[in-house]
Amino acid sequence: MNERITYCLILIPALPLLAAVIVAVLGPKLLRSLSHIPVILGLAGASVCSLILVAEVLREQDSLPTDREKAGFEQVVTLWTWANVPDAYNLPGDGATLPPHASRDVGWRDFRIDISLRADALTAMMLGMVTFVATLVAVFAAGYMEGDRGYWRFFAYIGLFVFSMTMLVSVSNFLLLFVFWEAVGVCSYLLIGFWYEKPEAAAAGKKAFLVNRVGDFAFTVAMFLIWCTYGTLNYHDSLADGTTDPQRVVAATADSPPEQKLIRGVLGQDRILAGDYKTGWLATAICLLLLLGACGKSAQFPLHVWLPDAMEGPTPVSALIHAATMVTAGVYMVARCTPLFAASPTAQLVVAITGGFTALLAGLIALTQFDLKRILAYSTISQLGYMFLALGAGTVLGVTGGMFHLFTHAFFKALLFLGAGSVMHAMGGIIDIRQFGGLRRLMPWTHATFLIGCLALSGVFPLAGFWSKDTVLAAVHHNAIEHELERRVGSHPGHPDAEPAAPGPLAGWTAEQLATARLIYEVLYYGALFTSFLTALYTFRAFCLTFYGQERIPDQAGHHAHESPPLMVAPLAVLAVCSIFVGMAFVAWSGSWGGNILANFLEGAPSLAAGAIATTKTPPEFHLDIAGYSTLVALAGILSAMFLYMGGTKEATVLKRLFDLQGADRLTDPEWIAGLERIPWISATTKFLRSIYLGWVVTLVGYALGAGSLVLAIPLLVGQFISPYKLSQNKFYFDEIYAALVVWPLSILASICYWIDRWIVDGLVNAAGMVPAAIGSLMRSLQMGLVQFYALAMVLGALVLVAARLIWAAG
Amino acid sequence: MNEVSLLYNFLLVGGLLFVLGMIGFLVRRNMIVMFLCAEMMLQGVSVTLIGFGRHHGGLVESATSTAASTAAASAGPWGGQMLVIFIIAVAACEAGIAMALVLMLYRQSGTLDAAYWQDLREETLPPFVDREVPEERQEDRVWPRLTPSGVEPPIDPDELLHRPRV
Amino acid sequence: MTVPLAIPALLADLPTVKEICSCNSFWAILVGSLAVWVLLPNRIPYGKTIGGVLAIVASGLFASDWPLLGNWTDQAVFWLLAGITLGAAVGTICSRSPVYSAIWFALSLLGTAGLFFFNGAQFLGVATIVVYAGAIVVTFLFVIMLSQPEGHSAYDRITWGWFPKTFSVLAAATMVAVLTFLLGNLRTEAAGSFSSESAAEYQARLTAQGAVLDQDHMANLGRHLFAEHLISVEVAGTLLLVALVGAVAIAIQGRPRLARRIEEALR
């Protein structure tokens, strides 16, 4: 056990929590406008600890003993036992039909939830990214939120969020993962609705919360299935008494006493090495439910609708929670559960489809939005789609590529959001790109850093986005199906470490199934390329409209439109430098064009190191063709955006009319068709045709046009309402569809329930309550306010007593 | 002296005193008189208790004990008198509070009539109204008329000469 | 025996009409009720005279029916004291003027005190005179002076109406009648033991029960009061203190309102 890892693991969540508590307690009265100091210090401390953790994990991975090398490195720190229900569940299974080493698994077991943190490559990477971005965003927010009424509240929430997020990525248990999954959701809700006086902000917070509930429900069902299937919720292997010391865990045998027996974690090294994962419909169900949960948190189709609305929150929150960290929790979770997903290629295909479709959808919507932050939000959804697409490729390269893209995306998307925040700060809270323009002279720093962010997002060589996007595309191109096909023909170019011909879960698929899946992946690949074009297009559209063209400043900005203070520019600069160099640095340090030290690092995590996924390990390789395509596509996108939006927007208007099918209605207008004859070249042609006795051709064409217009009339008129432009502008009407399909029926049901509750249930209760009142109204006539009549009643009572005494005496 | 007769007589005197106080409390409308009557009821109880106290005093478990006196016997020979002492104490408290309340009520309403406070009745009920109030007869206008405290009384020359009764 | 089954026994045990008619107490209660009914504030002409006569008749009827004490001096003293007590009580409830009521009540208290003396409760007799007649009644008079200095008022001349008055008197009569009926055994016993006790026996019994009638009466009473009933004494003391504080608090609370009322009246 590495002591330093233990301390860092505990310190990383503890410092932000401490800061949050300090700010929450002292903020309102004592700290006030200094509330950012404890939080920034706490986050910086956590960030330093994270760096130490990364270094330590790297060192431990390199120094693994050879017999453990294949399983990867993990270290689990158990703090205390949260809950323990002895003999809660009898895990079904017959020891006789299982391999000998698995027989330890079967039988009665405790429902035991330990508060245990883990350190492995995935966690270390996420922790480093989260704390680093959070620190920079907190510094930015210190300037951005200055003078806000809820200054201390904001920083308390930020501290709480970072605590929850770091716990989310470092816990080693599905239940705790869910707890902190919800905790970050709560922080997100609180921060979206930070300006709760604004009705839109309150509604957006509510929407985010409710949409996430759908995903969370799926997640809980998935957890239930995992518990029923695997009999534990721990990631890691442990003994029945909770011991996680690797030596003792490995030493456990079938002869050990009951409390010393091995409990295989769901993602434990022992299980992964043994490949002991359920396949078939159960695995698919678990994975799809987990995926739905991840879709909720990571704003993937069909649960993507909350993220754009979440932009109602303060911009640093959008940068931190809704771009860089929290929304990547779903990606992290799917990556963490790679062994589960690897057991179900169907589920992986669904992951890839979801990701690819969402990426394309969000890219299309982002094209026509006018709210700068919403464009970035759709871009976030799109990029998250990329990550899911990569994870769905089903190869080691896919998972590492997805995580790599997550890592680089965090930097440049945080940069873009903070740049948007800087613009918003200067424009007096206005974020509609139609209301301002030409800001490049006014805000040179913001302009420069935003440009870097845009280039990185578009994937221009050699910025961060280029490398990660290239990896993603390569992974989709060379996906698990390709690997399987190669394995079947025996030409698997496997990694020297990987077992070359181990049949994976795909082994049972027929050639037709493989062909279908391959086709799907191919479509997804081209879709991703097209999305890459869209990304460049909408990014530079927003960039050009904001920073180029005629200088326009909205009235709300007043006369103080200026570059943001250094406190806000500094984080921008740091993030810009990171956006330029993180990709390059990782590749450069690895010493080869296709290499990537981050990927190598992640491959040391137990989830990726062994098992079915490990058979898809490939040697590092730079895909020049894919990189070339993606660069070309990105450049095409950038150039067309500049052509359309730099300077005047005349061409863009034409395109807009075209895609909005404007003018199509004229085809149904007979006068317009008749008027065609007056157009010079048409009338000349007509005259010429008539002169050579071909006038009947003219008449025929005229009739044909008339008949065609009648046929076209209805579809075109309908098309006007759902023209491509309108679809994109209105986000493909998802909000309206959900409102009609889900919200309205539920609200009708709710109003029925309300009516029943109000009039039937309450009515019964009220009726019961009216009985005493009715009886009381009879007695009320005795309350005549004359004291002596009350005394008279007492005398009557006394007489009754006397009569009773009389009877008693006689008896 | 015939002790049993004594007890009988005392019980009846106490009972009569009690019911007279009760009649007064129920019938009279002047709040002060009502409280006088309440005190009278207490006196009736006191007389009864004294009678029992004498009857049981020292004759514990005697053959003369009746069914009604077995409970009192357990109080010991002094039980009756002890109870009366506390009755007097409680009556004094009651009188003090009652007088303060009567003064307060008088200051609020300017009358000692208990019917004035029938406003406290249930609002749907009709008010109590006197059918007719008899004029004061000449023969009732008699002394003593008490001097308003703290105010020098106006001297009526007629009354200096003529006082029907004192 | 259950109570419903007791009713036939009760009916069987009830006196016959003849027995009732031959019982002086019955007539005494009847006449006394009528007397009180007539005497209570109303508009019956010559009500006081008729009521007084009826009351005297009732007293006589009662006296004729009560068992004798066996000693004519005792008997005379008792009748005198009982007469004063009850007569003054009737006066208290029947006086039109509250002042007279208070004075009649004081007289009734004196009679009660006399009865206490007669029954061997010297301390209580004195206490009654001092506390009641001396303090409480004087307080009543002060309050009457403060609040009703003008003498008679309309509500002293009327009652609540004929029904409450009649009902109250009937209820009172019922209670006395039931008491008399229930004490029938005691009366029989008293009549039976009228001559059964000689003077020597009486003296012996006095000696036996000496505690009450002893010359160390006060000492014995104090010993009992502060030994067996110490906690009750403490509680009673606390009660008196609380009552004192309460009375002061109530009286003070009323003052500003009075001032406000006077101000309003002046305006």
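Nothing here was measured: the structure is a model prediction, and the numbers come from that model. Naming: A, B, ... by sequence-line order, numbering from 1 per chain.
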Enquirer: For Leu11(B), which atoms come within 4.5 Å of any heavy atom of chain C: side chain, backbone, both, or neither?
Expert: both

Enquirer: Tell me, for Val137(C) versus chain B, whether the close heavy atoms (under 4.5 Å) come from the side chain, the backbone, both or neither.
Expert: neither

Enquirer: Do you know which of Gly237(C), Ala236(C), Pro67(C), Ala247(C) has the most heavy-atom pairs with chain B at a distance under 4.5 angstrom?
Expert: Pro67(C)

Enquirer: Quick one: which of Ala82(C), Pro164(C), Ser25(C), Ser101(C) has the most heavy-atom pairs under 4.5 Å with chain B, could you say?
Expert: Ser101(C)

Enquirer: Tell me, for Phe140(C) versus chain B, whether the close heavy atoms (under 4.5 Å) come from the side chain, the backbone, both or neither.
Expert: both

Enquirer: Nearest 0.5 Å, please: how far is CG in Asn119(C) from CG in Leu124(C)?
Expert: 10.5 Å

Enquirer: What are the two closest non-hydrogen atoms of Gln81(B) and Ala121(C), and how far apart are they?
Expert: NE2-CB, 3.5 Å

Enquirer: Check whether Ala102(C) gets within reach of chain B through its side chain, its backbone, both or neither, counting any heavy atom under 4.5 Å.
Expert: both

Enquirer: What pair of heavy atoms forms the shortest contact from Ala92(B) to Leu240(C), and how long is it?
Expert: CB-CD2, 4.4 Å

Enquirer: Classify the angle between the aromatic ring planes of Phe118(C) and Phe78(C) as parallel (below 30°), tilted (30 to 60°) or perpendicular (above 60°).
Expert: tilted

Enquirer: For Trp37(C) and Thr166(C), which heavy atoms make the closest approach, and how far apart are they?
Expert: NE1-OG1, 3.2 Å

Enquirer: Tell me whether the count of non-hydrogen atoms from other residues, nucleotides or ligands lying under 6.0 Å of CH2 in Trp160(C) goes above 12.
Expert: yes

Enquirer: Determine the option with the most heavy-atom pairs under 4.5 angstrom with chain C, choosing from Val102(B), Leu101(B), Leu16(B), Val47(B).
Expert: Leu16(B)

Enquirer: Which heavy atom of Gly111(C) sits nearest a heavy atom of Ile84(C), and at what distance?
Expert: CA-CG2, 4.1 Å

Enquirer: I need the residue from Ala100(B), Cys93(B), Ala95(B) with the largest number of non-hydrogen atom pairs under 4.5 Å to chain C.
Expert: Cys93(B)

Enquirer: Could you pull out the closest heavy-atom pair between Gln43(B) and Thr112(C), with the gap in Å?
Expert: OE1-CG2, 3.1 Å

Enquirer: Considering only heavy atoms, which portion of Leu26(B) lies under 4.5 Å from any heavy atom of chain C: side chain, backbone, both, or neither?
Expert: both

Enquirer: Distance from Phe10(B) atom CZ to Thr48(B) atom OG1, nearest 0.5 Å?
Expert: 10.0 Å

Enquirer: Would you give the length of the straight line joining atom CZ of Phe117(C) to atom CZ of Phe123(C), rounded to the nearest 0.5 angstrom?
Expert: 11.0 Å

Enquirer: So, taking the atom named CG in Asp65(C) and the one named CZ in Arg187(C), what distance separates them when rounded to the nearest 0.5 Å?
Expert: 4.0 Å

Enquirer: Using heavy-atom distances under 4.5 Å, tell me whether Leu49(B) contacts chain C through its side chain, its backbone, both, or neither.
Expert: neither

Enquirer: For the CG atom of Leu105(B) and the CD1 atom of Ile250(C), what is their distance to the nearest 0.5 Å?
Expert: 9.5 Å

Enquirer: Which bit of Leu40(C) comes within less than 4.5 Å of chain B, counting heavy atoms only: side chain, backbone, both or neither?
Expert: side chain

Enquirer: Answer with side chain, backbone, both or neither: which region of Ile136(C) has an atom nearer than 4.5 Å to a non-hydrogen atom of chain B?
Expert: side chain

Enquirer: Between Ala98(B) and chain C, with a heavy-atom cut-off of 4.5 Å, which part of the residue counts as in contact: side chain, backbone, both or neither?
Expert: neither

Enquirer: Counting only non-hydrogen atoms closer than 4.5 Å, does Met40(B) touch chain C with its backbone (N, CA, C, O), its side chain (CB onward), both, or neither?
Expert: both

Enquirer: Using a cut-off of under 4.5 Å for heavy-atom pairs, which of Leu221(C), Leu225(C), Leu239(C), Leu115(C) has the most such pairs with chain B?
Expert: Leu221(C)

Enquirer: Decide yes or no for Val90(B) and Leu42(B): does some side-chain heavy atom of the first lie under 4.5 Å from some side-chain heavy atom of the second?
Expert: no

Enquirer: Out of Phe86(B), Phe128(B), Phe18(B), which one racks up the most heavy-atom pairs below 4.5 Å with chain C?
Expert: Phe86(B)

Enquirer: In terms of heavy-atom proximity below 4.5 Å to chain B, should Val90(C) be classed as side chain, backbone, both, or neither?
Expert: both

Enquirer: Based on non-hydrogen pairs under 4.5 Å, which of Pro41(C), Ala135(C), Ser232(C) is most in contact with chain B?
Expert: Ser232(C)

Enquirer: Please state whether the side chain, the backbone, both or neither of Ser108(C) comes within less than 4.5 Å of a heavy atom of chain B.
Expert: side chain

Enquirer: For the residue pair Val176(C) and Thr180(C), what are the closest heavy atoms and their distance?
Expert: O-OG1, 2.6 Å

Enquirer: Could you tell me which portion of Phe167(C) (side chain, backbone, both or neither) has an atom closer than 4.5 angstrom to a non-hydrogen atom of chain B?
Expert: neither

Enquirer: Pick whichever of Gly15(B), Ala91(B), Gly96(B), Cys37(B) has the most heavy-atom pairs under 4.5 Å with chain C.
Expert: Ala91(B)

Enquirer: Out of Val33(B), Ile85(B), Ile50(B), which one racks up the most heavy-atom pairs below 4.5 Å with chain C?
Expert: Ile50(B)

Enquirer: Side chain from CB out, backbone as N, CA, C, O: work out which of these in Glu39(B) comes under 4.5 Å of a heavy atom of chain C, or both, or neither.
Expert: both

Enquirer: Side chain, backbone, both or neither: which part of Leu109(C) has an atom under 4.5 Å from a heavy atom of chain B?
Expert: side chain

